[in-house]
Amino acid sequence: MAISGYHSLSLLTRQMQKTVSDEREEALSQAGIHDIAHMRPVMTELVRNGPGFYYLLQDAQEHIVVGNMLHLKPTQGWRNLTWTHRSLPPEHRPVIGYGLTLQDGGYLFVGIDAEPVQTLRRDLWFTFIWGLAGFIIIGAGGGLIVSHFVLGKIETISQTARDIMHGDMSRRLALNTSGDEFDHLATSLNAMLEKNECLITSLHQVTDDIAHDMRRPLAHLGQHLDEAMQQPHSPSQADALSHAKINLNEALEIFSSLLKLAQMEAGAGIPDNQNVSLRDILLSITDIYRPIMEEKQQTLSVYLSQDEMTCSGNKVLLVQMFSNLLENATNHCPAGSTIVVSSFMSDTTNTVIIADNGPGIPEHERERVFEKMVRLDHSRSVPGTGLGLSLVKAIVRLHHGRITLLDNAPGLCCKIQLPYHSKK
């Protein structure tokens with residue numbers, strides 16, 4: 001439309017310029033000689049009998065000799081006047097014309113009413129502006145509608161992914177039965193989720209079965225060792241039986257931890273969920289570990305917030321989580337170390353920090369220590385199964401929290417963040 005309008009405007013302008021050119025050439029032809037004396041009678045006749053045209057003849061001193069316009073500054077060539085410069089009162093109509101310098105220094109101007117060109121140009125701008133505005137409104141409105149639809153679909157997928165991450169492996173994407181691309185995507189994703197759920201369920205089942213099946217013969221083996229230890233035997237035999245009993249207890253602890261991990265990872269919610277006071281748990285645990293640390297010549301400092309620090313969770317699991325962290329700290333820190341337990345809260349988060357000035361953990365190993373059965377080289381001599389931090393991470397994740405290991409310079413800083421839940 002814009003190209004067609006521009007073409008029409010250009011064509012109309014050329015037609016009007018041709019009309020002006022024809023009128024000018026006719027006047028010059030009638031005069032013969034292009035000076036004031038010969039042009040005066042011709043222009044006088046044209047002004048009298050040439051309606052629709054605008055004429056102006058000025059002498060070399062720019063005085064008007066004849067014409068139906070006011071004075072113009074002599075300018076050679078095509079001119080577009082915003083108003084006609086007719087004799088007073090002036091008519092405010094546009095004029096397109098041609099100015100010519102005569103042989104004796106005079107000035108001749110012939111023009112025509114350019115109102116049609118101005119009207120067409122104004123209509124074109126009006127159409128363009130309103131068309132552009134309509135395009136923007138329709139485009140923006142359509143874009144908002146489409147984006148709202150697309151973002152709604154994406155949010156549905158994101159919410160499903162979050163639910164699955166929080167343990168609800170049965171969640172699936174709803175189909176809108178329209179057969180569009182989103183339906184095809186949802187069908188593919190649902191098939192993938194179905195397969196993943198089967199694989200994870202199978203893996204958890206295998207872990208659960210191994211832990212259950214192995215605990216029975218190991219328990220029987222423990223009973224046989226107890227019976228053997230009650231029989232008369234030499235000191236070397238007693239020492240061997242004692243070491244066997246210790247190793248067996250470590251194996252039982254490993255299987256028990258694996259079983260608990262599998263149960264937590266497979267669960268869709270927190271068992272025995274209730275409002276729990278983190279402050280009470282921390283006070284209780286630090287009271288238990290204080291004499292143990294003093295015996296190892298370690299210092300335990302406790303700085304707990306006086307605010308209400310409650311969260312929704314399982315008290316037994318939270319007690320085990322903080323116990324594992326304090327157990328790790330006291331086992332890996334040498335004599336003379338200081339272990340600090342502190343807490344604070346914001347509007348939505350309870351934060352607990354357990355920091356020490358021991359050997360710490362290298363930055364590149366801080367995520368790996370949460371994996372099952374991982375033990376760093378410098379920790380091989382410390383008793384443990386390599387599942388303590390895995391249990392801690394699983395408990396934090398089960399409670400929708402976050403755990404981060406940071407550099408305490410020197411030592412390790414363990415930061416646990418759990419959602420705040422009011423008692424009301």
Side-chain angles (χ1 to χ4, degrees), residues 242-243 245-247 249-250 252-254 256-257 260 276-311 313-345 350-362 365-366 369-370 374-396 399 401 403-418:
S242 178
H243 280 89
K245 182 67 175 179
I246 292 173
N247 293 335
N249 288 336
E250 290 177 353
L252 285 171
E253 185 179 352
I254 290 174
S256 178
S257 298
K260 184 173 293 186
V276 180
S277 171
L278 295 179
R279 176 180 167 80
D280 292 345
I281 290 177
L282 291 171
L283 286 173
S284 175
I285 293 175
T286 51
D287 286 343
I288 293 173
Y289 275 89
R290 191 182 302 276
I292 298 174
M293 294 181 183
E294 290 176 352
E295 185 178 346
K296 295 183 177 181
Q297 300 179 0
Q298 298 169 341
T299 301
L300 176 62
S301 300
V302 181
Y303 305 97
L304 300 183
S305 170
Q306 297 299 320
D307 296 325
E308 178 189 19
M309 293 185 63
T310 56
C311 76
N314 182 286
K315 184 175 182 179
V316 175
L317 292 178
L318 291 172
V319 168
Q320 181 177 3
M321 178 184 72
F322 290 119
S323 298
N324 282 4
L325 292 172
L326 282 177
E327 185 77 24
N328 272 0
T330 188
N331 284 340
H332 291 86
C333 288
S337 300
T338 299
I339 299 168
V340 180
V341 178
S342 59
S343 67
F344 61 91
M345 63 171 294
N350 298 303
T351 301
V352 178
I353 295 177
I354 300 175
D356 62 65
N357 58 355
I361 298 176
E365 299 279 11
R366 289 176 194 160
V369 294
F370 290 113
V374 170
R375 303 195 69 194
L376 304 183
D377 292 338
H378 62 79
S379 302
R380 297 291 179 183
S381 59
V382 179
T385 63
L387 291 169
L389 287 178
S390 297
L391 280 170
V392 168
K393 184 70 174 283
I395 294 171
V396 171
H399 288 78
I403 182 169
T404 310
L405 299 182
L406 305 169
D407 186 8
N408 199 40
L412 184 68
C413 175
C414 180
K415 182 178 181 181
I416 305 100
Q417 294 174 296
L418 297 171

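Atoms considered below: every heavy atom in the structure, side chains included; atoms not considered: hydrogens, waters and symmetry mates.
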For Ser277 and Thr310, the nearest pair of non-hydrogen atoms, with its separation, is CA-CG2, 4.3 Å

Partners of Asp307 by side-chain hydrogen bond (donor to acceptor under 3.5 Å, both in side chains), sequence neighbours excluded?
Ser305

Got a second to check how far Arg290's CZ is from Leu300's CG, nearest 0.5 Å?
4.5 Å

Between NE2 of His399 and CG of Leu317, what distance do you get to the nearest 0.5 Å?
5.5 Å

Quick check on side chain to side chain contact (heavy atoms under 4.5 Å, CB included): which of Pro410, Cys333, Cys414 does Asp356 satisfy it with?
Cys333

Report yes if some heavy atom in the side chain of Leu304 is under 4.5 Å from a heavy atom in the side chain of Thr286; otherwise report no.
no

Please enumerate all residues that pass side-chain contact (heavy atoms from CB on, under 4.5 Å) together with Thr338, with sequence neighbours excluded.
Thr299, Ser301, Val340, Asn357

Applying side-chain contact (heavy atoms from CB on, under 4.5 Å), name anything that partners Pro334, two or more places apart in sequence or on another chain.
Ser337, Pro359

Ile354 and Phe322: which non-hydrogen atoms are nearest, and at how many Å?
CD1-CD2, 4.4 Å

Side chain to side chain donor-acceptor pair (under 3.5 Å) pairs, two or more places apart, involving residues 321-330:
Tyr289-Glu327, Gln298-Thr330, Glu327-Asn331

Crowding at NZ, Lys415 (>12 non-hydrogen neighbours, <6.0 Å):
no

Can you measure from CD1 (Ile281) to CE (Met309) and round to the nearest 0.5 angstrom?
10.0 Å

